[in-house]
Structure formats: C-alpha cells, structure tokens
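What follows is one structure encoded as structure tokens, with my remarks underneath.
Quick caveat, the model's predicted, so the values are computed rather than measured. The analysis underlying the following values was restricted to heavy atoms, covering all of them including side chains, and did not include hydrogens, waters or symmetry mates. So you know, we letter chains A, B, ... as the sequences are listed, proteins then strands, and number each from 1.
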Amino acid sequence: MNQYRTHTCGALREEHIGQTVRLSGWAENIRDHGGVAFVDLRDQYGITQIVLHEENIEVSRESVVTVTGAVKRRDADTVNPKIVTGMVEVHADTVAVQSKVARALPFEIRDSKNVREDVRLRHRFLDLRNPAVKDNIVLRSKVTGFLRAKMEELGFTEIQTPILTASSPEGARDYLVPSRKHRGKFYALPQAPQIFKQLLMVSGFDRYFQIAPCFRDEDARMDRSPGEFYQLDFEMAFAGQEDVLEVAETVLHGVFSAFSDKRVSPAPFRRIPYAESMLKYGTDKPDLRNPLIIEDLTEFFRGVDFAPFKNIPVRGIAAPGAALRSKSFFERMLEFAMEIGMKGLGYISVLDDGSLKGPIVKFLSADKQAELRNKLSLKENGTVFFIADSPGAVDELAGRIRAELGRQLELIDKDSFELCFIVDYPMYHINDETGAVEFTHNPFSMPQGGLQALEEKDPLNILAWQYDVVCNGSELSSGAVRNHLPEVMKKAFEIAGYTGEALEKKFPALYNAFHYGAPPHAGMAPGLDRIMMLLAGEENIREVVAFPMNSNAQDLLLEAPCEVAERQLREANIRRRL
RNA sequence: GGCCCCGUAGUUCAGUUGGUUAGAACGCUAGCCUGUCACGCUAGAGGCCGACGGUUCGAGUCCGUUCGGGGUCGCCA
C-alpha cells in the first residue's frame, strides 16, 4: 500500500462507504465550526470533504496533508451535488501535515484567472493549482497523446530533429546560441524543422511526423507566443496536395470531435481557392461560422451615376433581417467603418412591402433596383451594405465589415468548429514598397504547372501548391507540395530575384540533397497551441501553455533572459559591449 | 520600434471639483461557533496611492519624465 494514499481525491463514491482510506492533497478550504471542521482536500483528480474533530491538529489552507479515516455516507441534507465525491466524506482519525504554507499566498487559488498576469506568472506553480488553469494543461497532454496515436495509426514515423541547428537565411529572426568551440560562430534554434523533414524524405522515410518545438524571435500576439511554440509537423513522400489534405482532415476532425462537444465540419473540408476567399470573405482566414458572403458589385455600379462608387471596386454584403435593427445598430456599423478607415458605409434596406430604402436608392433606376435584389437574393427586411475602396484595400475592408456584421447581428454559431482549406495561393506577389516580385508564402513550394509555368506565365498569375488550414477564422497551419527539383527551384528563385548561387548558398544542404534522387513530397504543420486555444475556448495563448513567457518574452518565474557570469561569456567567446 | 489603455492593502477594485486620519470585498491574525461546502459572528493587523520631478497654501487626483504590465500595428519565408 502506498504510504501517502489509497485513493485520489476524486475517487471515492458510495461503494467505498465503510472502508478505511488514506488521502493526500492540498487543503483548499477549511470551514471550522468549533467542535467540527470541514476540509476540502484537493489533488489533480478532484476534491473530497474531510471531517475533523477537536482532537485533530491544525491545518492551514493550501498546506499538504495526509488524512486517514473512514469513508461515511453524508446525510441527505448535506450531500454536495457540485462535486463527484459529494455523496461521501472521510472522517479523519489521523492528519499528518506533509508540508506547511509558511508564506502568505499571493492570491486566491480558485480565483487566480482574474489576477494580474505578471503576478500569476511569477507564481505559476500556484496558479496551476487552480483546476480551471490545470485542466487546460491536462487537456493538452490528452490532445498530444491523441495526435501521436493518430499519426502512428496513419503510418507516420516520429523523428526528432535537432534543436541546435543552423541559422536560416529567410523568415523570422532566429534565436542564436554562441558556440564555445568555434569562436565567433553561432547555432540557431529552429524556426521549424522544415529542412530536416525534407531531408528525411530524400533519405526515404515515407511518412514523418513530430510534435515539434519551433523558435522565433518575434513579438507576441494574443494568439502567438513570443519565442517558442509547438507544431504537429508532418511530411509525406510520393504525395500531392490531396494526400496531405486528407491526412489533415482525418487528424483535425478527429481531434476536434474527440475533445469537444461542438459540431465539427465533416470531411471533406471545403477547399476554397485563395482568390475566391479574398473576394467572398475578404480574408484568407475566413470564419465560416459567419454565413454572410461578400459580392462583387463593381460591374453593377459601373453604369450608376454615384460619385463615391465611380471607377473603384465595390463590394456588397447582404445581411438578412438587418433592416429591423434599431438606428443605433446602423450608427455603430458606421462608426466601425470610420474606425477602420472607410469614408462611409452606404446601405440599402428592403422594407416590408418590398420597396428599397436608403441614401443610395435614388441613384438606382427601377431596373437596377430589381437587378440588385436579384443579384444579392435580398429578401424583405434585409439590408445590403456597400464597401467601395481602392483595389488594394477593398477586400480587407469588406472582410472586416463582414466580421463586424456577424458579431453585431449575432450570426456566429459559437457551438461549431468550421474547418476549411485555402488552396491555390499565388506563388508570387509584388512588394508594395519596393515593387519587387517576392514569394508570397514559402520559397519551397512547387509552382502549379512546374517549370513550364515558371518559364511561360506572368509570375503574378502562377499559383503554388500551397495551402492553409483555417478553423473559425484562425489559421491553424500552412503547408505545401514541396519543390524537389533543383532546376525548378533555380528558376523559381530567379524570378524572385535570386541567382542560382544565392539559392545554393542559402539552402546548401537541401539543394545538394535534391541532386541525389528526391521523391515528390508534401506536408503541413498545424499549430498545436492554436488547436489547444480553440479546444479550451481560450482567447489567450498563455492559458494553454504550462509555463508561458509574458508578452515581452520574459520568463518571470525563472527570470529568463538573465545576466550570466563573466566566465560563461568568455567561454562563449562573447565580450560585453563597453 | 510606433500608437492606445492600465499601475491605490496580499488579491480584485472604489476614491466626487485638488481639501480632515485613503475606503470596500475577499484573504490574513485572534476569539466564538458540532453539519458546513464562497459557512457564520466579533475584533484586529495590513498602504511611500509604481518611481522621480513640477504646478499649488494643499496632489492618490492636474502636468512632465521614467519604470512596469496589457493590447494593437510593424514583424511572424
């Protein structure tokens, strides 16, 4: 028998009545009634009420105690239906204090989520005692276990790749680690195992995966850790886009349905071409819970004599029932439009009798009015909002109006996970500032049409075998069919302004390896932290990480980054700046 | 790095137009209480109002600087 416990604090039920048991845990709360006292004993698994009598020694809140005693049925009027052990209680014969609380608690454990974040992080070990905080971390363990099992079931091999590796020339800022043995040289922590997993494909590993730590020295966001985060990184040989998407469907549908009661998009998820997504949703991260669709009305307004819509792209969003909304709703929408930089927000409502109403109606002939209703399937009490702006801005603005309408009109179904793939990303785009042609997403992607497309098509019209997974408006992952052919790589980089030597210099290992027989391959890397946030219903990424850094990339608990000893600097061949 | 918001008791927060000794709740300490489960009751301790400087007879309150925290944009192949 274990010296500390026979059961956990979440285990006892009516069937244990009469047994003598031993429990250990933290004294979450103590209710002292003079002759009798009640202690809520807590561990990871639950809470059991302990009954103490006067001869028992003193216990203070949050100290660790071991209690031995008989399990008894609670009187009917003292049953606690809020906890699973609420039918019973343990009448303590002996109480041993294992570890006292010797310092004032910085906050109430059960209320820790409402405490200032830096105080929580400095005492994260106490914050994590709160079941509401701890449960997310337990869930994370179950999710990673599920993902691992699923990937293995699908024939993937888990392979660890280096943490100390080479700095990568593209992408985010690297975290650098000085070399002791090689003066003036540095390792870098990997931004992703990208190169390694592609090399594994060349080595003949057929299906690779890893729950991979990734490091990027970029500033934090609410949904983005500073420093480090995890991806379910995977790559498949002899596979194309559809093969990868099918794996993603299986795994993501599996994980969302296994750990949530919400509705999950059934496979196959919708494949939405990038261009269509930009037009219909105004973003490449559409929240498909929002039923509103953006329509292109540029052609419609070409012949209409309304100055603000002249010679610029116009979009329309038909919102059913919006015409019944109060004046303040329209004012809020206008205010929002002004905030995001629009000059106004035109709209036309359909009244009960089918007639149109709104400041712009008078510019439309009867025919045009009918055409508009028809084009947008406008019903009675619906309102169409117009967004007109420069070609570079109109889609994003329309997307933000669509999202705001979804919120204001409460069209978002909070009980579903809507997953989709965005496909057919353009291979290149023009950098607005420099006018140069750049890779849109990822230089490793295979262009659709291969070498021929690169040689013959306008670079801006070339699509890539590049795809994103989106869930409820947040990007879970991007991935691609990789470019495994040196001559195609060379051409692709040339178009983006690099010489062949530059490519060789930037990615020597990969470029070289591809000269020795590389299989066609494709992959993806869904972000584990994002998946966790969606499953746990958390807005802040720190709530799904056991020991998160603050938004300023500091570990307040262990105090990293920190000064190091002079000797350490010397060994690392680093001199303090004078 | 730019911009926005917030710093008052251990915690969460009030604090009027600048005006006596800066408050509440929870927590903590002591006492009372044999059926509570956010137990209850009584009493008490606990504050350089983030820091520095200024305006003023007088600053938690107004102004400036700075430090800390959060958000957002840049950035994130």
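- The aromatic rings of A/F507 and A/F493 sit perpendicular to each other, their planes meeting at more than 60°, with 30° as the lower class boundary.
- Taking side-chain N and O atoms only, A/Q554 has no distance below 4.0 Å to OP1 or OP2 of B/rG68.
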Polar pairs (N or O, both sides) under 3.5 Å between protein and nucleotides 39-42 of chain B?
unit_1, atom_1, unit_2, atom_2, d
B/rC39, OP1, A/N29, ND2, 2.7
B/rC39, OP2, A/N29, ND2, 2.3
B/rC39, OP2, A/R31, NH1, 3.2
B/rC39, N3, A/H33, ND1, 3.4
B/rC39, N4, A/D32, O, 2.5

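- Note on A/R140 versus A/D529: salt bridge recorded, some NZ/NE/NH1/NH2 to OD/OE distance being below 4.0 Å.
- Taking atom P in both B/rG64 and B/rU55, the straight-line distance is 15 Å, to the nearest Å.
- The existence of a salt bridge linking A/E62 and A/R129 is confirmed by a sub-4.0 Å separation between a basic side-chain nitrogen and an acidic carboxylate oxygen.
- If you take CZ of A/F215 and P of B/rC75, they are 24 Å apart, rounded to a whole angstrom.
- Straight-line distance from the NZ atom of A/K285 to the P atom of B/rC76: 13 Å, rounded to whole Å.
- The same atom, C1', is picked in B/rA24 and in B/rU17; the two are 24 Å apart, to the nearest Å.
- Look at the C1' atom in both B/rG47 and B/rU12: the space between them is 16 Å, to the nearest Å.
- Remark: A/K100 does not engage A/E58 in a salt bridge, criterion side-chain N to carboxylate O under 4.0 Å.
- At a threshold of 4.0 angstrom between heavy atoms, the contacts of A/V79 include nucleobase atoms, whether or not backbone atoms are also involved.
- Where A/T78 and A/N442 each meet RNA chain B at their nearest nucleotide, the meeting point lying more 5' is that of A/T78.
- Atom CZ of A/F38 is separated from atom C1' of B/rC33 by 12 Å (rounded to the nearest Å).
- If you measure from atom NZ of A/K72 to atom P of B/rG35, you get 16 Å, rounded to the nearest angstrom.
- Within the 3.5 Å criterion, the main-chain N or O of A/E475 finds a donor-acceptor partner in the side chain of A/R530.
- Within 4.0 Å (heavy atoms only), A/H123 reaches no atom of the nucleic acid at all.
- A/Q466 comes within 4.0 angstrom of no nucleic acid atom, judged by non-hydrogen atoms across all strands.
- Counting heavy-atom neighbours within 6.0 Å of A/K134 NZ, excluding the residue itself, gives a total above 12.
- Between the side chains of A/D468 and A/Y425, at least one donor N or O sits under 3.5 Å from an acceptor N or O.
- With salt bridges taken as basic N to acidic carboxylate O contacts below 4.0 Å, one links A/R407 and A/E404.
- For the OP1/OP2 pair of B/rU36 and a distance below 4.0 Å, the side-chain nitrogens and oxygens of A/N80 include no atom meeting the criterion.
- Straight-line distance from the CZ atom of A/R221 to the P atom of B/rG70: 13 Å, rounded to whole Å.
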Practice problem: Produce a footprint string for nucleotides 10-15 of chain B: one letter per nucleotide, 5' end first; B if the base is under 4.0 Å from any protein heavy atom, S if only the sugar-phosphate is, - if neither. | Solution: SSS---

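- Rounded to whole Å, the separation between the C1' atoms of B/rA45 and B/rG35 comes to 31 Å.
- Separating the CG atom of A/L52 from the C1' atom of B/rU36 is a distance of 12 Å, rounded to the nearest angstrom.
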Exercise. List the steps, then state whether side chain to side chain donor-acceptor pair (under 3.5 Å) holds for A/N550 with A/E117.
Key: CA-CA 8 Å; A/N550 70 4; A/E117 199 164 63; over 6 Å; no

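- In this structure, of B/rU34, B/rC37, B/rC76, it is B/rU34 that holds the atom nearest to the side chain of A/V36.
- Across all strands, A/N552 comes closer than 4.0 Å only to sugar-phosphate atoms, never to a base (heavy-atom distances).
- Residue A/D219 is in base contact, counting any heavy-atom pair closer than 4.0 Å across all strands shown.
- The side chain of A/K82 sits closest to B/rA38 out of B/rG69, B/rA38, B/rU36.
- As judged by a 4.0 angstrom heavy-atom cut-off over every strand, A/N540 is placed among residues touching the sugar-phosphate backbone only.
- If you take atom C1' in B/rU65 and the same atom in B/rG46, they sit 32 Å apart, rounded to whole Å.
- No N or O donor and acceptor, one from the side chain of A/R216 and one from the base of B/rC76, sit under 3.5 Å apart.
- Using a 4.0 Å heavy-atom cutoff across all strands shown, A/R542 reaches sugar-phosphate atoms only and no base atom.
- OP1 or OP2 of B/rG71 lies within a sub-4.0 Å distance of a side-chain N or O belonging to A/S551.
- Salt bridge A/R332/A/E335: absent, no basic N to carboxylate O contact under 4.0 Å.
- Following rounding to the nearest Å, A/H91 (NE2) and B/rG35 (P) show an atom-to-atom distance of 13 Å.
- Side chain of A/D43 to main chain of A/C9: a donor-acceptor pair is present (N/O by atom type, distance under 3.5 Å, no hydrogens or angles).
- The separation of B/rG71 from B/rG15, taken at their P atoms, amounts to 25 Å, rounded to a whole angstrom.
- For A/Y428 and A/F439, the distance between ring centers is under 6.0 angstrom.
- Counting any heavy atom pair closer than 4.0 Å across all strands shown, A/R61 reaches sugar-phosphate atoms only and no base atom.
- Summarising the geometry, the separation between CD1 on A/I83 and C1' on B/rA38 is reported as 14 Å, rounded to the nearest angstrom.
- Between A/H123 and A/F107, the ring planes are perpendicular. Angles over 60° get that label, and only those under 30° would be called parallel.
- When the P atom is compared between B/rU61 and B/rG69, the two are found 23 Å apart, to the nearest whole Å.
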Quiz item: So A/M524 and A/V247, side chain to side chain contact (heavy atoms under 4.5 Å, CB included) or not? Walk me through it.
Solution: CA-CA 10 Å; A/M524 187 184 267; A/V247 167; over 6 Å; no

Quiz item: Given Watson-Crick or G-U pairs with both distances under 3.5 Å, what dot-bracket string fits RNA chain B, with | for other-strand pairs and [ ] for crossing?
Solution: (((((((..((((.....[...)))).(((((.......))))).....(((((..]....))))))))))))....

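- Taking atom C1' on both B/rC13 and B/rG53, the two are 29 Å apart, rounded to the nearest angstrom.
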